[in-house]
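By convention in this document, chain letters (A, B, ...) are assigned in the order of the sequence lines, proteins followed by strands, and residues within each chain are numbered from 1. We use all heavy atoms of the structure for the numbers below, so side chains are in, but hydrogens, waters and symmetry mates are not.
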Amino acid sequence: MTKLQPVRGTRDLFGEEAAAFERVVSVFASVAKRFQFQPVSTPIFEFTPVFARTMGGTSDVVSKEMYVFEDRGGESLALRPENTAGIARAFLSNGWQQHTPLKVYAYGPMFRYERPQKGRYRQFHQIDAEVIGAAHPDVDVELIAMGHMLLSELGVAGSTALEINTLADPESRARYRTALTAYFQAHAADLSADSQARLDKNPLRILDSKDAGDCALCKDAPIIDDYVSDESGQFFETVLDGLKGLSIPFTRNRQLVRGLDYYSHTVFEFVTDALGAQNAVLSGGRYDGLMEQLGGPPTPGCGWAGGIERLAALAEVPQQEGVKIICIGMGAAAQAQLLPLSYQLRAAGLSVDVPTTGNFKKRMKRANAIGASHALILGEDELAAGQIGAKDLRSGEQQSLALDKTVEWAKSLQTEH
RNA sequence: GCGGGUGUAGCUCAAUUGGUUAGAGCGCUGGCUUGUGGUGCCAGAGGUUGCGGGUUCAAGUCCCGUCACUCGCCCCA
């Protein structure tokens, strides 16, 4: 480290980037509350088996991307690579069964040791929504609808598309997997090296390979619909009907597969082509077997996660409106007076700043630079007269008002907007 | 983990085929004018050209290594 550098794959956010990030979180919280989800927060590290057991040992996330370390007590801990396993663990640890069906939302940093790329970082942030303890397909629909509403309110619905598929129940999936393995085995010589490796690890993943040769083979591969049990098929139809009823557009993608072992039935992804190789912005599905893998009672669950960086990169940041006051004092006495005045204004709910550097002109320039709507000007003349100059920076009009009426004046601005 | 591209001031970029003291705009600081911005003028600060090594009389420029960013593979949000 010759120069002060951030750790590879981590970022420092400032200005528009930081504002866009914050906006994603606040719009998400607002939507989640309207769907009556409750906030939860779980630790950013867990005992390693929490992730290893739930996500599947064959997944790359667990096998080569986790930050695993031993703490001073000799325990193997892992920085969370995703949020669902931690929430499931919390559900069992704290007896949240008493609150089922539990609807919760969360957000925060996740960690994966990957090669950084556009939209892909080693510390990245996710928003997360989960419904635990409800097996009805309407739950899946509600979760997808919530994701769709979030994307709409962020202004990114137009640049994303919903893809959906079913992984069915474990028995159906096992039958499909056998058929798929047999098919690809017969064409193993034509598969890419990556897909040959996937053949015995996770043959479903071959379906979403980007290799042209693999894609050609996938066209004639068995499709899951022929292996789905009646019950699973009906479940999926109900989900699709629910989406139609809400006029949420979607595409059935029979090649859509999830990388994590705990998914079953509904899987979905909101994808975009605006982020290079990273096309998923929000995705999830049903994970009915997850709780049992953690040693808990059979408990259905469904949820999704969204990448905050990816959503923030797509969303446009709306122009800041509203009242923003900057106080300019000339002379030590006036400057000193602005400290209590700005405090009162802030207590009254206004956004106020008091610059301390630069001459008068520089301070006015700064007011523009930060997008202030009004300037309060206090000099020695005003101070002696018990007055203060109030200038509307958008119209250029300036008036003089009594110093002790400043808060009243500022409050009236708020109601105008 | 694998392959391609790129690293020059705080930011965006210049710098002939390797050739004197590496420049500009923006930003920053100060001043013109301790009192009026979004659109004036002047000045100043700020660089071991990512880092290390090599070739050469001479390297920002060529070569090797390394670190970081970036694009793709992979993986996934």
For U12(B), the Watson-Crick or wobble counterpart (both distances under 3.5 Å): A24(B)
Residue L393(A), side-chain atoms from C-beta onward, closest of G1(B), A77(B), G37(B): G37(B)
Stacked cation flag R122(A) on Y113(A), 6.0 angstrom / 45 deg: yes
Side-chain N or O of R115(A) closer than 4.0 Å to phosphate OP1/OP2 of C2(B): no
G18(B) to G54(B) separation - C1' atoms, rounded to the nearest Å: 15 Å
Pairing partner (Watson-Crick or G-U wobble, both distances under 3.5 angstrom) of G1(B): C73(B)
A68(B) base / R8(A) side chain donor-acceptor hit below 3.5 Å: no
Distance in angstrom units between K64(A) NZ and C75(B) P, rounded: 8 Å
From C73(B), U70(B), C76(B), nucleotide with atom closest to R205(A) side chain: C76(B)
G47(B) pairs with, by Watson-Crick or G-U criteria that keep both distances under 3.5 Å: none
Nearest to side-chain heavy atoms of Q117(A), which nucleotide of C71(B), U36(B), C76(B): C71(B)
Watson-Crick or G-U wobble partner of U34(B), both distances under 3.5 Å: none
Aromatic centroids of Y107(A) and F28(A) separated by under 6.0 Å: no
Residues which pass side-chain contact (heavy atoms from CB on, under 4.5 Å) with A348(A), listed by chain and number, not counting sequence neighbours: L350(A), V407(A), K411(A)
Between G60(B) and G53(B) - P atom distance, rounded Å: 14 Å
is_close_aromatic(Y176(A), Y227(A)), centroid dist under 6.0 Å: yes
R11(A) side-chain N/O to C69(B) phosphate OP1/OP2 under 4.0 Å: no
Identify all pairs in which a protein N or O lies below 3.5 Å from an N or O of nucleotides 31-35 of chain B, and state each distance.
{"unit_1": "G35(B)", "atom_1": "O6", "unit_2": "E380(A)", "atom_2": "N", "d": "3.4"}
{"unit_1": "G35(B)", "atom_1": "O6", "unit_2": "D381(A)", "atom_2": "N", "d": "3.3"}
{"unit_1": "G35(B)", "atom_1": "O6", "unit_2": "E382(A)", "atom_2": "OE1", "d": "2.9"}
{"unit_1": "G35(B)", "atom_1": "N1", "unit_2": "E382(A)", "atom_2": "OE1", "d": "2.7"}
{"unit_1": "G35(B)", "atom_1": "N1", "unit_2": "E382(A)", "atom_2": "OE2", "d": "2.9"}
{"unit_1": "G35(B)", "atom_1": "N2", "unit_2": "E382(A)", "atom_2": "OE2", "d": "2.7"}

Under 3.5 Å on both distances, the Watson-Crick or G-U partner of G60(B): none
Nucleotide C76(B), atom C1' - distance to CG of L256(A) in whole Å: 12 Å
Derivation of the side-chain contact (heavy atoms from CB on, under 4.5 Å) call for V267(A) and I164(A): CA-CA 6 Å; V267(A) 292; I164(A) 190 165; over 6 Å; no
Donor-acceptor pair (no angle test) under 3.5 Å: R120(A) side chain, C74(B) base: yes
Among R252(A), R254(A), H265(A), E269(A), the one residue meeting side-chain hydrogen bond (donor to acceptor under 3.5 Å, both in side chains) with N165(A): R252(A)
K210(A) vs C73(B): side-chain N/O to OP1/OP2 distance below 4.0 Å: yes
Touch class at under 4.0 angstrom, heavy-atom based, for G284(A) against every strand present: nothing
Heavy-atom donor-acceptor pair, K118(A) side-chain to U70(B) base, under 3.5 Å: no
Pairs involving residues 51-69 of chain A, ordered by first then second residue, that meet salt bridge (charged side-chain N to carboxylate O under 4.0 Å, His left out) (sequence neighbours left out): D60(A)-K64(A), D60(A)-K201(A)
